[in-house]
Amino acid sequence: MSRRRVFPMPARAFVAAAVTVSGCYGPLRLTPSDHATVLAEQSLDADHPALPGPYRVSRLYYGSGTDKRRPEYRDSVSIVTETVDASKLVSLGASASERNGYWGFTPKEFPLNGRAWYPEGEGPFPLVLIVHGNHDMRDFSDPGYGYLGELLASRGYVFASIDMNFINGGIRNENDGRGWFLLKHIDAFREFAADETTPFHGKIDFDRIALIGHSRGGEAVGHAAAFNRLSRYPDDASLEFDFNHGIRAIIAIAPVDGQYLPMGRFVPVENINYMVFHGSHDGDVTSFHGLRLYNRLSFTDGGDYFKTAIYMYRANHGQWNTVWGNKDNGPRSARRLDLRGLIDGEAQREFGKIYISAFLETTLRDRPDYMPMFRDHRTIGGWLPETMYITQFESSGFRALASFEEDIDLTTGTAPGVTLRGDSLGAWRENLLDLRSRNRPTTSSSQDNNALWLGWNNRVADAGDAVGTPAGYAISLPGGLAAGWGLGAASRLDLQLAAVEGHPSPRRPGNDDEAEAGEGRDEPEIDGGDAERDGGDAERDGGDAERDGDDAERDGDDEPVDLSVVVKDADGESAGVRLSDYGPIRRPLETVVRRRNDAESFDNQWELVLQSFSIPLADFVEANPSFDPARLDEIRLLFDRTPAGTVVVDDIGFSSGR
């Protein structure tokens, strides 16, 4: 067949810039040839989501009007709120007397305090609430999201930053309280909107609500989403719930997970849009715990939802909040935290503005324009700060062929009748994905997610430069599944994948599985062979090329990993594309959070975060017009572009819709 080039997006120039950061072994020079954020130019037909919108912004405080420690909530409130009894959700323990004396109230009289930004206009406008996480309770956290308030109000949202400083400090197990508090603030806004004397009268669309949480607040938004649909508090049924607010979306910024475990279980969340992002150099929540909620969030009611996770290299914990800054463990933590590699705080917050604003436009205003950026960050390369990113994405239209969760049989998939087959592989196993650290001694250090490890070496031992038949991994579909699932050119083939260090030894001569390897020898030519690779190869992260000398000695471990994805229909028509055209294929990004390597207490100096890839079946049809997606018979990961390597793969399947 003739060779054709297939692009998942317009073939554009890549933005190239050399930057210097602090890496694992000192300053790290990243150049256009090896910097993973040599990103595609912005290719969305949408406005820049971090630019101010058309509305003039007004601001006000609401609260008790009697706050002992917060003059803005005592002297400057425009709307006075009633207190609430949180005593069943928040226990102050041995510090109760001291804390109650400092604040002047107990958990039975907690205030509903907030600072609001809102657009001047007719409305109704969506409602967005944000809550901070744990911090010194005397160093008030709620002012630190003003940059979001100004932006989002100008773009037509009512936005409030919620004061929960009175449950900050040295108490534990209060994240359920933070989630409940968010719902009580929505209750308060319902009262504001019903009151003709407030500027919110008739101005809020309560069917379009989003909650944002940072750190412990990032865990709390998931609890709020769950509590919103419950009739009683899981830990004490005498506390009745009656919320049922129109919450469409939740956003978690560098969240913890598992601080609140009702009945000893992680809180289940379903049927809501979710975005989570985390920085690699987070000196407080040192692992991407938000991936656990990402993995357990389920879509069950047939609605249109999606979830996305973004890992930002060199971002820390505190710079998402302007009060907290870059010292994640307090003012003196620079003595033990390595701050040299951090991205600038303004750049980190610019990323937050871009993704939060676009996510809200997508979920609260039903705009599809921004959807490609959640699948592949490279589509907005011209907007993003220059660093490295990993993105995950899944829509409610996703149906799994193989999720690697259901059993211990390596040869069967998730959908009935799907079979899995290895071809000349040196490694083939399934295992849990780990986090590099725990957030609490009582919770697991895994991502609560199983994945597939595949290793290959196409070289032949003792044969010079001889290379054998490319190894592969095949997913075979039972007859009728493609048609039954309605697969067509508008469908997408989705999977998650990352490369990891190491690879199997070269094959012994004649050691290929001839029966299976022979099936892979007559593969179609995949467009853009090794000599014709375009800017996608420039997307590889520079960490691999810049590691110390020991790594440079490894056989092939510093070589960028790539592979082909080949499909075949029931008539034997095949088509293939190169995977790196649909996202960066990276090894884990090495990170040193603390000043001294020997002070690191993590299992790994990196976090294994898989990248999502979403391939339109139309691209296979473009490569071979005779290929029929409705009769798709087999998908093969063909390791023909890198002689040896190891990848971790998860969630292979198809999606439809947005």
Between [X] and [Y], does any side-chain donor sit less than 3.5 Å from a side-chain acceptor?
{"X": "Glu607", "Y": "Ser287", "answer": "yes"}
{"X": "Arg178", "Y": "Asn175", "answer": "yes"}
{"X": "Ser238", "Y": "Lys88", "answer": "yes"}
{"X": "Ser357", "Y": "Arg155", "answer": "yes"}
{"X": "Thr300", "Y": "Asn271", "answer": "yes"}

| Checking salt bridge (charged side-chain N to carboxylate O under 4.0 Å, His left out) for the pair Glu350/Lys353: CA distance, chi angles, key distance, verdict? | CA-CA 5 Å; Glu350 179 71 6; Lys353 290 193 292 185; 3.6 Å; yes

Any side-chain heavy atom of [X] within less than 4.5 Å of one from [Y]?
{"X": "Glu191", "Y": "Asp187", "answer": "no"}
{"X": "Arg115", "Y": "Ser161", "answer": "yes"}
{"X": "Ile130", "Y": "Ile162", "answer": "no"}
{"X": "Val323", "Y": "Phe140", "answer": "no"}
{"X": "Glu361", "Y": "Pro49", "answer": "no"}

Assert yes or no for the condition that the ring centre distance of [X] to [Y] is strictly below 6.0 Å.
{"X": "Phe200", "Y": "Phe189", "value": "yes"}
{"X": "His281", "Y": "His317", "value": "no"}
{"X": "His132", "Y": "Tyr145", "value": "no"}
{"X": "Phe166", "Y": "Phe181", "value": "yes"}
{"X": "Tyr355", "Y": "His377", "value": "no"}
{"X": "Trp324", "Y": "His214", "value": "yes"}
{"X": "Phe243", "Y": "Phe227", "value": "no"}
{"X": "Tyr389", "Y": "Phe351", "value": "yes"}
{"X": "Tyr233", "Y": "Trp180", "value": "no"}
{"X": "Tyr305", "Y": "Phe299", "value": "yes"}
{"X": "His201", "Y": "Phe192", "value": "no"}

| field | Asn168/Asp136 under side chain to side chain donor-acceptor pair (under 3.5 Å): CA gap, chis, key distance, verdict | value | CA-CA 6 Å; Asn168 275 2; Asp136 186 334; over 6 Å; no

| field | Spatial distance of atom OG1 (Thr198) from atom CD1 (Ile79) [nearest 0.5 Å] | value | 5.0 Å

| message | Just verifying a value: how many Å separate Ile247 CD1 and Asn228 CG, rounded to the nearest 0.5 Å? | response | 4.0 Å

| said: Between Asp205 and Arg208 (salt bridge meaning N to carboxylate O under 4.0 Å), is one present in this structure? | reply: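 A salt bridge links Asp205 with Arg208.
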
| query | Does the distance from a Lys or Arg side-chain N to an Asp or Glu carboxylate O, for Arg367 and Asp47, drop under 4.0 Å? | reply |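 Between Asp47 and Arg367 there is a salt bridge, with a charged N closer than 4.0 Å to a carboxylate O.
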
Ring-face cation of [X] near [Y] (centre distance under 6.0 Å, axis angle within 45°):
{"X": "Arg232", "Y": "Phe241", "result": "no"}
{"X": "Arg138", "Y": "Tyr102", "result": "yes"}
{"X": "Arg365", "Y": "Tyr157", "result": "yes"}
{"X": "Lys307", "Y": "Tyr294", "result": "yes"}

| Yes or no on side chain to side chain donor-acceptor pair (under 3.5 Å) for Asp494 and Ser614, after CA distance, side-chain angles and deciding distance? | CA-CA 5 Å; Asp494 295 336; Ser614 188; 2.7 Å; yes

| task | Using the salt bridge (charged side-chain N to carboxylate O under 4.0 Å, His left out) rule, take Arg296 and Asp257 through it: C-alpha gap first, then chi angles, then the decisive distance, then the call. | result | CA-CA 12 Å; Arg296 69 177 181 268; Asp257 185 60; 2.8 Å; yes

| message | Holding to ring-ring contact (aromatic ring centres under 6.0 Å, His included), I want the full list of residues that pass it with Tyr55, two or more places apart in sequence or in another chain. | response | Phe125

| After noting the C-alpha distance and the side-chain angles of Glu174 and Arg216, does the key distance pass the salt bridge (charged side-chain N to carboxylate O under 4.0 Å, His left out) rule? | CA-CA 9 Å; Glu174 82 297 342; Arg216 292 194 194 183; 2.8 Å; yes

| Should the ring pair Phe306 and Phe374 be called parallel, tilted or perpendicular, given that the plane angle runs from 0 to 90° and is split at 30 and 60? | tilted

| Chi angles and distances behind the salt bridge (charged side-chain N to carboxylate O under 4.0 Å, His left out) call for Arg378, Asp376 | CA-CA 5 Å; Arg378 299 180 303 173; Asp376 185 350; 3.1 Å; yes

